[in-house]
Amino acid sequence: MKLSEESLGSEAGQPASLLQGSKNAIYQLFKWVAIISIVTMFASLMSGVVVRYVLSTSLGWVSEVPNLFFPWLTMSAIAAAAARNEHIGVEVVVGSLPAGLRRAVALAVNGLAVIAFSVMAWYGLDVIAIAGNQTLPITGIAMSWAYWSVVVGFAAVALVSLINIAQLLKGESVHPPELVTREEVS
């Protein structure tokens with residue numbers, strides 16, 4: 001396929017950096033964990049409704065499924081949004097700063113995020129140790145399984161923030177290529 005002169009000079013045809021590719025992989029992984037979590041919760045709750053109204057009985061384990069999968073859904077969504085830099089932020093002040101100062105603020109914010117989310121992931125391991133003996137009454141599954149979502153999610157957000165720092169230091173945009181604006185490139 002032959003590319004036009006315009007597309008040859010644009011960034012659209014350029015391969016993503018290893019750093020951006022890593023963030024894309026994190027996004028895809030956590031997106032699919034979230035999808036699997038919500039589909040599992042929906043299917044189990046729907047089967048509980050059908051069994052209750054069609055067979056006039058109940059599936060006891062159905063009420064435990066959201067206890068296991070909702071934390072994974074929540075933390076996966078948080079990690080996926082972080083990988084795409086789609087969390088809520090106030091850009092009014094930062095957007096009005098000169099490019100160098102915007103970069104310094106982004107480095108500081110991501111540095112603080114690495115520290116904060118790493119600490120939360122670390123202390124989440126304590127929660128897992130405490131909850132490791134607790135099991136759900138019907139399925140007997142350890143509650144620590146659900147708490148692992150917090151550790152994994154916060155570790156992923158810390159990793160994304162670390163990747164953002166590396167991208168900023170290399171002069172790359174921290175946003176996925178399809179979300180980069182003209183102002184950010186210049």
Side-chain angles (χ1 to χ4, degrees), residues 16 18-91 109-110 112-165 167 173-180:
L18 178 61
L19 295 170
Q20 188 60 46
S22 299
K23 282 176 42 175
N24 290 341
I26 291 168
Y27 169 75
Q28 290 297 326
L29 171 68
F30 284 99
K31 176 183 83 170
W32 281 103
V33 169
I35 289 169
I36 290 166
S37 296
I38 200 162
V39 167
T40 301
M41 286 189 301
F42 176 79
S44 69
L45 293 172
M46 186 57 79
S47 67
V49 169
V50 169
V51 167
R52 171 155 318 265
Y53 290 103
V54 173
L55 302 176
S56 296
T57 188
S58 90
L59 300 171
W61 56 267
V62 168
S63 63
E64 293 182 354
V65 171
N67 293 341
L68 296 170
F69 284 93
F70 191 73
W72 283 99
L73 171 64
T74 304
M75 293 309 296
S76 295
I78 290 168
R84 307 248 319 156
N85 286 358
E86 292 180 340
H87 279 292
I88 295 172
V90 181
E91 296 290 327
V109 166
N110 280 287
L112 288 172
V114 168
I115 294 166
F117 289 111
S118 296
V119 167
M120 286 189 282
W122 179 261
Y123 282 107
L125 293 172
D126 291 341
V127 174
I128 290 170
I130 294 167
N133 296 330
Q134 300 172 357
T135 58
L136 293 168
I138 297 170
T139 60
I141 297 173
M143 278 304 297
S144 62
W145 193 86
Y147 293 126
W148 271 108
S149 67
V150 175
V151 173
V152 170
F154 284 151
V157 175
L159 177 60
V160 165
S161 296
L162 197 59
I163 293 170
N164 284 345
I165 290 170
Q167 284 181 299
S173 171
V174 296
H175 299 289
E178 64 272 14
L179 298 179
V180 174

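As a basis for the values below, the full set of heavy atoms in this structure was taken, side chains included, without hydrogen atoms, waters or symmetry mates.
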Once you round to the nearest 0.5 Å, how far does CG of L162 lie from CZ of F117?
-> 13.5 Å
Does the side chain of P137 reach to within under 4.5 Å of the side chain of E64, using non-hydrogen atoms?
-> yes
Do W145 and F69 have their ring centres less than 6.0 Å from each other?
-> yes
Answer whether the closest heavy-atom distance between the side chains of L136 and L68 falls below 4.5 Å.
-> yes
When rounded to the nearest 0.5 angstrom, what distance separates CE in M143 from CG in N133?
-> 13.0 Å
Within 6.0 Å of CG in L29, more than 12 heavy atoms from elsewhere = yes
To the nearest 0.5 Å, what is the distance between CG (N24) and CG (L19)?
-> 11.0 Å
Least distance between heavy atoms, V62 atom then G48 atom = CG2-CA, 3.9 Å
Does some side-chain heavy atom of F154 sit less than 4.5 Å from a side-chain heavy atom of W122?
-> no
Could you tell me which non-hydrogen atom of A146 sits nearest to which non-hydrogen atom of N67, and how far apart they are?
-> CB-O, 3.5 Å
Between S44 and S47 the two heavy atoms that sit nearest each other are O-OG, 2.7 Å
Pairwise distance CD1(I35) to CG(L73) - rounded to 0.5 angstrom | 10.5 Å
Correct closest heavy-atom pair for S149 and P71 would be OG-CB, 3.2 Å
Would you mind reporting whether V33 and V152 have side-chain heavy atoms less than 4.5 Å apart?
-> no
Check: N164 and Q167 side chains under 4.5 Å, non-hydrogen atoms = yes
With a 4.5 Å limit on heavy-atom distance, are the side chains of L45 and V65 in contact?
-> no
What pair of heavy atoms forms the shortest contact from S58 to R52, and how long is it?
-> CB-NH2, 3.4 Å
Mind listing the closest non-hydrogen atom pair of G153 and A79 along with its distance?
-> O-CB, 4.4 Å
Any side-chain heavy atom of I130 within less than 4.5 Å of one from Y147?
-> no
Close side-chain approach of V127 to V150, heavy-atom, < 4.5 Å | no
Between the OG1 atom in T57 and the CG atom in L59, the distance rounded to the nearest 0.5 Å is 7.0 Å
One should read off an interatomic distance between L159 CG and I163 CD1, to the nearest 0.5 angstrom, of 4.0 Å
Going through the distances and angles, do K23 and Y27 end up as a side-chain contact (heavy atoms from CB on, under 4.5 Å)?
-> CA-CA 6 Å; K23 282 176 42 175; Y27 169 75; over 6 Å; no
